[in-house]
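It should be emphasised that the depicted structure is a prediction, and the values quoted were computed from it without experimental measurement. So you know, we letter chains A, B, ... as the sequences are listed, proteins then strands, and number each from 1.
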Number of protein chains: 2
Amino acid sequence: MVAKKNTDERSLWERLENPAPSPRPSLSARKFAWTAVGIADAEGLDAITMRRLATELDVAPMAAYRYVAGKDEVLLLMGDLVYAELEIPEAGLGWREVHRLVALRTRELLLRHTWLARLPPEAVLTPSPNRLNISERCMASFDGLGIDADEKMAAYRTVDSFVGGAAGTEVAVASLMGEKGWASGDDVRGGLAPQMSYLVQSGRYPSFRAWSMEAVRKDDRAWQFELGLECVLDGLSARLGI
Amino acid sequence: MVAKKNTDERSLWERLENPAPSPRPSLSARKFAWTAVGIADAEGLDAITMRRLATELDVAPMAAYRYVAGKDEVLLLMGDLVYAELEIPEAGLGWREVHRLVALRTRELLLRHTWLARLPPEAVLTPSPNRLNISERCMASFDGLGIDADEKMAAYRTVDSFVGGAAGTEVAVASLMGEKGWASGDDVRGGLAPQMSYLVQSGRYPSFRAWSMEAVRKDDRAWQFELGLECVLDGLSARLGI
DNA sequence: TCTGCTGAGATACAACGTACACAAGGATGT
DNA sequence: ACATCCTTGTGTACGTTGTATCTCAGCAGA
């Protein structure tokens with residue numbers, strides 16, 4: 001009574017934790033998701049195909065549908081799986097340190113799995129265990145500081161938004177490099193140059209032109225990220241009095 | 001010598017501004033992009049199909065390929081077109097006000113066109129005129145404040161990252177509502193409840209549970225956004241001494 | 001009028017997600 | 001030991017997608 005495809009109304013997570021004692025369970029939803037993670041890491045999100053997953057596991061194209069409602073559920077599961085890699089900060093740390101660590105580690109995670117930021121909205125919004133573990137730790141770090149529940153959520157979301165946005169752009173660069181076979185930041189600039197040079201040479205963007213001539217660090221994203229992160233944390237500290 | 005599909009090596013923007021004087025120019029790249037925007041606004045990004053665009057314009061399925069290298073270029077163009085809606089802050093405003101206005105207006109733009117945040121990486125990274133106009137205004141707002149080119153870019157990117165991340169989540173909610181036909185925030189909570197309740201009832205997420213019982217504003221995203229934005233601006237002001 | 005080029009159409013193909021019906025083979029009750 | 005059922009995995013098939021390629025129609029310049 002477990003994986004009869006469309007007839008099982010239980011949530012994905014419930015099904016995963018309570019699999020029916022079955023005769024021949026050689027496959028599983030997690031197995032599909034793990035191989036999907038492997039493929040996506042190596043070849044990008046577009047390489048994830050129900051057929052590809054099947055061939056990778058030496059199984060018929062439709063085999064996955066016994067364990068998963070559809071491709072969307074595979075993506076959802078992939079998203080949750082990799083978040084298990086993120087080490088949750090130890091107990092006893094202050095809120096600022098907790099959020100700093102989570103931010104830095106999330107960035108690394110996103111850069112390691114560049115497809116993560118490109119999952120469909122459903123996969124991002126649906127609550128999932130490993131993601132919730134992290135949110136829980138972040139929210140808990142505000143306990144006892146005298147701020148209310150709404151402020152806790154707002155503060156958490158603020159840091160998380162910054163991280164998602166900043167890493168998202170970095171990831172876009174990285175996944176574009178993967179698609180196009182570019183290796184360095186120079187390749188990126190070179191690849192985008194045809195579009196860029198025509199526009200910049202028009203003289204309509206003087207500040208941009210100035211930056212490209214004066215800047216020393218150019219696109220040091222790690223530096224930009226850490227600077228921005230400290231700004232956000234400073235701001236929270238000041239506005240919420242924590 | 002303009003739109004011979006694969007033989008024209010010029011950048012998209014150059015081609016748009018200098019169309020070849022042609023005998024019968026009834027179609028154009030922009031025409032396809034505009035109808036695409038209309039469809040995406042009404043039915044979401046997944047409704048954008050080369051065939052759909054063609055039928056919408058009463059034209060053969062392959063007609064667009066004379067003006068556009070492929071679907072990706074349509075998406076790129078869509079992204080640029082809607083950014084023209086964003087009113088650029090008037091001259092004479094201080095950097096903080098400029099960035100505040102751009103941030104608020106970008107959020108509104110993203111919520112108005114929920115597909116915008118889901119364009120492929122190429123469409124986000126490729127420099128485009130209307131997007132560059134905004135970046136230019138933001139970068140220029142730092143002139144004469146005594147910060148160097150690298151700091152300008154870092155500061156701009158910081159605000160932009162926060163905006164992108166925060167609005168991105170809001171947009172994910174909105175586009176999920178569009179897909180599922182949900183109308184209110186309660187519908188969202190209701191739709192996600194099957195996944196959520198199993199997890200939260202497990203007792204593994206006490207802080208989350210506490211929030212859902214104690215919070216008053218629940219998910220007031222606009223409030224969260226403005227609070228976060230002020231934090232970011234405060235932080236930049238302090239760290240860069242501007 | 002002839003030649004050549006260009007805008008648009010028609011046809012075609014491979015790849016995708018997934019619905020559906022069916023077969024194989026342990027588990028179970030007797 | 002045997003018959004039964006239920007679950008797992010297969011085979012086949014359909015509709016939809018992006019796009020390569022060939023073809024034709026009609027205006028330009030000679």
Can R52(A) and T55(A) be said to form a side-chain contact (heavy atoms from CB on, under 4.5 Å), step by step? CA-CA 5 Å; R52(A) 173 71 188 278; T55(A) 49; 4.3 Å; yes

Quick one: is Y67(A) getting a side-chain N or O under 4.0 Å of the dG9(D) phosphate, OP1 or OP2? yes

Could you check how far CZ of R66(B) sits from C1' of dT23(D), rounded to whole Å? 11 Å

Where along residues 37-49 of chain A does a heavy atom fall under 4.0 Å from DNA chain C? I48(A), T49(A)

What residues from residues 115-124 of chain A pass a heavy-atom cutoff of under 4.0 Å to DNA chain C? none

Want to settle it: does R51(A) or V59(A) sit nearer the 5' end of DNA chain D, counting the closest nucleotide to each? V59(A)

Going from CG on L77(B) to CG on L81(B), what distance comes out if it is rounded to the nearest 0.5 angstrom? 5.0 Å

Check whether any side-chain heavy atom of V171(A) lies under 4.5 Å from a side-chain heavy atom of L116(A), and answer yes or no. no

To the nearest Å, how far apart are Y65(B) OH and dT11(C) P? 18 Å

In whole angstrom, give the distance that lies between atom CG of L53(B) and atom P of dA8(C). 15 Å

d(CD, E73(B); P, dG18(D)) in whole Å: 15 Å

Is a donor on one side and an acceptor on the other found under 3.5 Å between the side chain of E136(A) and the backbone of S207(B)? yes

Between W115(B) and D46(B), is a side-chain hydrogen bond (donor to acceptor under 3.5 Å, both in side chains) present by the stated rule, with each step listed? CA-CA 9 Å; W115(B) 45 270; D46(B) 293 340; over 6 Å; no

For R30(B), is the CZ atom crowded, meaning more than 12 foreign heavy atoms sit under 6.0 Å from it? no

Report the C-alpha distance between L53(B) and L57(B) in whole Å, list the side-chain angles of each, state the deciding distance to 0.1 Å, and finish with yes or no for side-chain contact (heavy atoms from CB on, under 4.5 Å). CA-CA 6 Å; L53(B) 289 181; L57(B) 287 168; 5.5 Å; no

Within the supplied structure, the quantity of interest is the number of heavy atoms (other residues, nucleotides, ligands) at a distance under 6.0 Å from R209(A) CZ; does it exceed 12? no

Closest nucleotide among dA8(C), dG17(C), dG18(D) to the M50(B) side chain: dG18(D)

Round to the nearest Å and state the distance from R52(B) atom CZ to dG18(D) atom P. 12 Å

Between P on dA8(C) and CE on M62(B), what's the gap in Å once rounded to a whole number? 14 Å

Contacts of type side-chain hydrogen bond (donor to acceptor under 3.5 Å, both in side chains), residue T169(A), not counting sequence neighbours: none

